Peer 1: 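Sharing a structure below in structure tokens format, with a few things to ask.
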Number of protein chains: 2
Amino acid sequence: MVNSRKILADHKVSITNPRIIVLEALLEIKSPITVDELLSQLRNKVAKSTLYRVLNDLKDINILHEFSTPANQTVVELILEDHPHHHHLFCSDCGEIIDVEMATEFENKLLKEIKRIERKFNFVIEDHRLELFGKCTDLCVNCK
Amino acid sequence: MVNSRKILADHKVSITNPRIIVLEALLEIKSPITVDELLSQLRNKVAKSTLYRVLNDLKDINILHEFSTPANQTVVELILEDHPHHHHLFCSDCGEIIDVEMATEFENKLLKEIKRIERKFNFVIEDHRLELFGKCTDLCVNCK
DNA sequence: ATAAAAATGAGACTTAATCTCATTTATTGT
DNA sequence: ACAATAAATGAGATTAAGTCTCATTTTTAT
């Protein structure tokens, strides 16, 4: 069982109520969520300014990823050991965001290609993100 | 020589001054630009509301891509025949955005992997985007 | 237990993007 | 080419995501 206090302690940030509340919410959700939704879920538990501050704190200690949907909604997602590097699939019909893991063989090919690009552009690439856009046919909760 | 009027006509949108002005600006730039920069470049040529409207029009006819930088700046880029599908490299030091083409062999592998994911998730994937994050060492104009 | 440092809440503030509506410009049919 | 109709524009008001301020509260270190 993952412990929010332990996560905070491990990353050497002070353990406060709002941080615990936000972390537990994200741990329970375990999938991408828009900041808006998170805000309304936690409306009467943490102040808006605090929520944004805590999200920034979690980004700073590298356990939170943030990205935008094609509809320009900001989405956050916890990245812990049990939920490592992956990519996203966006449904343009219902807005659903699905976590996708690439085949290991492909991910290796990608890393090789990235090395080529590092050399070519004299760049140090620290992270990459692959986004897939389309329409789900029967998987999404919202699409029918 | 690419002609902005022809582009508009080809896509069956009416030919207006603001659209020509915005298109010519984007054609000349030929690389990703933040909406902010574009706005200040065209400040006294098109109204702000019109610029946003024209950008949306260009997105609607699928010749403009829009994405966000890690610093949450909105960036647009013209996608025409002479500047086809490609990816982006973001420098976290200077903010520079660099167009990157993947090796054909790799892009094929990616398409194959995408097909696998389509089957697995029962999804129709229409577009994909790969973003690389890192630091440039000597290429960027701004970095030294 | 206490002092110093850090985080929080509430709401003001900023700013990118959208909206409104009166006016201007483009298109279509004759 | 011209009038009638439809579409697009400009200017500024409006909205809303995200940040900032600062007095108060909570956490941490001693």
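Fair warning: this is a prediction, and the values are worked out from it, not measured in the lab.
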Peer 1: Let me know the distance between CG of A:Leu58 and C1' of C:dA7, rounded to the nearest Å.
Peer 2: 14 Å

Peer 1: Listed by chain and number, what are the salt bridge (charged side-chain N to carboxylate O under 4.0 Å, His left out) partners of B:Arg116, not counting sequence neighbours?
Peer 2: B:Glu113

Peer 1: Between atom CG in B:Leu38 and atom P in C:dA16, what is the gap in whole Å?
Peer 2: 14 Å

Peer 1: Would you mind telling me which residue lines up with the more 5' stretch of DNA chain C, A:Val46 or B:Gln73, judged by nearest nucleotide?
Peer 2: A:Val46

Peer 1: Can you measure B:Ile20 atom CD1 to C:dT25 atom P for me and round it to whole angstrom units?
Peer 2: 14 Å

Peer 1: For A:Arg19 and A:Ser14, test the side chains for any donor-to-acceptor distance below 3.5 angstrom and give the result as yes or no.
Peer 2: yes

Peer 1: Ignoring hydrogens and angles, state whether a donor on the side chain of B:Glu77 or B:His88 is under 3.5 Å from an acceptor on the partner side chain.
Peer 2: yes

Peer 1: Which parts of nucleotides 18-30 of chain D does protein reach within less than 4.0 Å, heavy atoms only, written one letter per nucleotide 5' to 3' as B for base, S for sugar-phosphate only and - for none?
Peer 2: BBBB-----SS--

Peer 1: Do A:His87 and B:His128 have side-chain atoms, one donor and one acceptor, less than 3.5 Å apart?
Peer 2: no

Peer 1: Mind calculating the distance between CZ (B:Arg43) and P (C:dA16) to the nearest angstrom?
Peer 2: 12 Å

Peer 1: Between A:Phe67 and A:Pro32, is any pair of side-chain heavy atoms under 4.5 Å apart?
Peer 2: yes

Peer 1: Could you tell me how far apart A:Leu42 (CG) and C:dT8 (P) are, to the nearest whole angstrom?
Peer 2: 13 Å

Peer 1: Rounded off to whole Å, could you give me the CG-to-P distance for the B:Leu51 and C:dT18 pair?
Peer 2: 11 Å

Peer 1: Whole angstrom is fine here: how far is it from CG in B:Asp57 over to C1' in C:dT18?
Peer 2: 14 Å

Peer 1: Which whole-number value in Å describes the distance from B:Leu8 CG to C:dT27 P?
Peer 2: 10 Å

Peer 1: Please list, chain by chain and in numerical order, all residues satisfying side chain to side chain donor-acceptor pair (under 3.5 Å) with A:Asn17, sequence neighbours excluded.
Peer 2: none

Peer 1: Indicate whether the side chain of A:Thr34 and that of A:Glu37 have a donor and an acceptor atom separated by less than 3.5 Å.
Peer 2: yes

Peer 1: According to side-chain contact (heavy atoms from CB on, under 4.5 Å), who are the partners of B:Ala9, at least two apart in sequence or on a separate chain?
Peer 2: B:Ile15

Peer 1: Could you tell me, to 10°, how much the axis swings from one end of the helix from C:dA1-D:dT30 to C:dT30-D:dA1 to the other, five pairs per end?
Peer 2: 50°

Peer 1: Run the ring pair (Phe, Tyr, Trp, His ring centres under 6.0 Å) test against A:His11 and tell me which residues pass, sequence neighbours left out.
Peer 2: none

